[in-house]
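First comes the structure, then the notes that go with it.
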Amino acid sequence: MGLRLDFLGTDAVTPAAGEDTACLLINGRVLVDVGWHSPASLARLGLSPLNLEWVLLTHLHHDHYMALPQLLFWRWMKAGDDRRPLHLAGPVEDLARVVELSVAFLQAERFGATIDVALHPLSPGDCLEVAGMRVGTARTRHPVASLCYRFDDPESGKSMAYTGDTAYEPALAGLIGGVDLLVHEASLGARAGDPSNAQWGHSGAPDAARLAQQAGVSRLLLVHAAPAQRGAAIAAARNIFPATDWAPAGEPLHL
């Protein structure tokens, strides 16, 4: 059946009204980052957090894990007797601490409850099987430990990659080469990042387009910029890589 992608949000670090920061649902079962309010975003699409099996966190900056306590609370309240653990994966440096603090925030033990999670700390280069897909990882250029993910569906042969936050990093081409779809951040809008000042770890649309071109991907979707920046960002990327669009939040995309 290939891959079904639902973008729950594509906005920047502090989302506008009615938006969410960048997070993506794959095949209704795997959530990549959780944004500010992913349970509400799922509900607006007629989707249930109970169907989630995995959450993959690209990195542990606030706008990428803000909704984790809400997501865990929603599942706790709605799961009934279905206590299958939610699998949580992310950078080994930060995953356990953020999950521990999120669970502690809910104070489940005061109410005789438990939060059922299974942790999968990852280092760059690690691979794992996730909901029938093969997932590979590589390090991105960001101030905290951060991962780019590649997803391969062995049944359909379809593939995609999701960078998370990163400055321009040509080494990622080794992981994402030839994918059907690359989802890349464009926090800097239409301008390219300054290679001599990449410590903030973000890209512009031209950086995303250069990586898409170098990696030989079929299509590029941009995320993680404010609505006012998007038109110019798309135009700048298309000058380098014509098969570029903004990711379609709120409507499914099939590969």
Side-chain angles (χ1 to χ4, degrees), residues 7 9-15 21-24 32-35 56-66 90-95 98 122-126 135-151 160-179 181-217 219-230 232-241 243-247:
F7 290 89
T10 65
D11 209 344
V13 60
T14 52
T21 195
C23 48
L24 170 65
V32 184
D33 289 337
V34 296
L56 303 184
L57 297 161
T58 60
H59 65 291
L60 281 305
H61 271 155
H62 306 77
D63 55 315
H64 294 262
Y65 73 82
M66 192 79 74
V92 63
E93 294 87 344
D94 298 315
L95 178 68
V98 168
L122 299 173
S123 298
D126 284 350
V135 179
T137 64
R139 185 184 304 279
T140 73
R141 296 183 69 190
H142 206 52
V144 298
S146 54
L147 296 171
C148 172
Y149 292 107
R150 174 178 176 140
F151 300 86
M160 65 153 295
Y162 191 96
T163 64
D165 289 0
T166 183
Y168 172 61
E169 180 49 88
L172 290 176
L175 174 71
I176 69 176
V179 295
L181 175 66
L182 171 62
V183 181
H184 197 297
E185 72 121 312
S187 298
L188 304 180
R191 68 181 177 88
D194 180 353
S196 67
N197 187 29
Q199 72 267 30
W200 298 112
H202 285 291
S203 294
D207 303 311
R210 281 196 292 158
L211 180 61
Q213 185 181 67
Q214 291 161 355
V217 311
R219 186 178 179 191
L220 171 65
L221 292 179
L222 303 176
V223 296
H224 212 294
Q229 296 178 287
R230 295 175 190 174
I234 293 169
R238 285 178 176 170
N239 286 333
I240 301 168
F241 189 79
T244 301
D245 290 289
W246 197 263

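All of these numbers come straight from a predicted model, not from anything done at the bench. Heads up: numbering here begins at 1 and tracks the sequence.
For the pair Arg150 (side chain) and Leu175 (backbone), a donor-acceptor distance under 3.5 Å is present. A donor-acceptor pair under 3.5 Å is formed between the side chain of Thr21 and the backbone N or O of Asp11. Here the side chain of Asp126 pairs a donor or acceptor atom with the backbone of Ser123 at under 3.5 angstrom. Although no hydrogens or angles enter the test, the distance criterion places no donor-acceptor pair under 3.5 Å between the side chain of Thr58 and the main chain of Leu147. Under a 3.5 Å cut-off, the side chain of His224 and the backbone N or O of Ser187 do not form any donor-acceptor pair. Without hydrogens or angle criteria, Asp94 side chain to Leu60 main chain gives no donor-acceptor distance under 3.5 Å.
Partners of Tyr65 under the ring-ring contact (aromatic ring centres under 6.0 Å, His included) rule, at least two apart in sequence or in another chain, are His62. Considering only residues two or more places apart in sequence or on other chains, Ala233 meets the side-chain contact (heavy atoms from CB on, under 4.5 Å) condition with Ala205, Leu222, Trp246. Glu169 is linked by a side-chain contact (heavy atoms from CB on, under 4.5 Å) to Arg141, Thr166, Ala171, Leu172, counting only residues two or more places apart in sequence or in another chain. By the salt bridge (Lys or Arg N to Asp or Glu O under 4.0 Å) test, Asp165 pairs with no residue at all, sequence neighbours left out. Partners of Arg191 under the side-chain contact (heavy atoms from CB on, under 4.5 Å) rule, at least two apart in sequence or in another chain, are Leu188. Applying the side-chain contact (heavy atoms from CB on, under 4.5 Å) test to Val13 and every residue at least two apart in sequence or in another chain returns Asp63.
Under the 4.5 Å side-chain criterion, counting only non-hydrogen atoms from C-beta, Cys23 is not in contact with Val34. At a threshold of 4.5 Å between non-hydrogen side-chain atoms, the residues Val217 and Phe241 count as touching. Between Leu24 and Tyr149, the closest side-chain pair of non-hydrogen atoms is not below 4.5 Å. The shortest distance between side-chain heavy atoms of His142 and His202 falls below 4.5 Å. Side-chain atoms of Ile176 and His184, non-hydrogen and from C-beta on, never get closer than 4.5 Å to each other. Arg219 places a side-chain heavy atom less than 4.5 Å from the side chain of Asp245. Val92 places none of its side-chain heavy atoms less than 4.5 Å from the side chain of Leu122. Side-chain atoms of Glu93 and Val144, non-hydrogen and from C-beta on, never get closer than 4.5 Å to each other.
Taking all atoms of both residues into account, the shortest heavy-atom contact from Ala236 to Ala190 is CB-O, 3.6 Å. The two atoms that bring Gln214 and Pro170 nearest to each other are OE1-CB, 3.9 Å, heavy atoms only. The heavy-atom pair separating His59 from Ser146 by the smallest distance is CB-CB, 3.6 Å. Shortest non-hydrogen contact noted between Leu95 and Gly90 is CD2-N, 3.7 Å. The heavy-atom pair separating Ala22 from Asp33 by the smallest distance is O-CB, 3.9 Å. For the residue pair Ala186 and Ala225, the shortest heavy atom distance occurs at O-CB, 3.3 Å.
Residue Arg210 qualifies as enclosed at atom CZ: its count of foreign heavy atoms under 6.0 Å is above 12.
To the nearest 0.5 Å, atoms CG (Leu220) and CG (Leu181) are separated by 8.0 Å.
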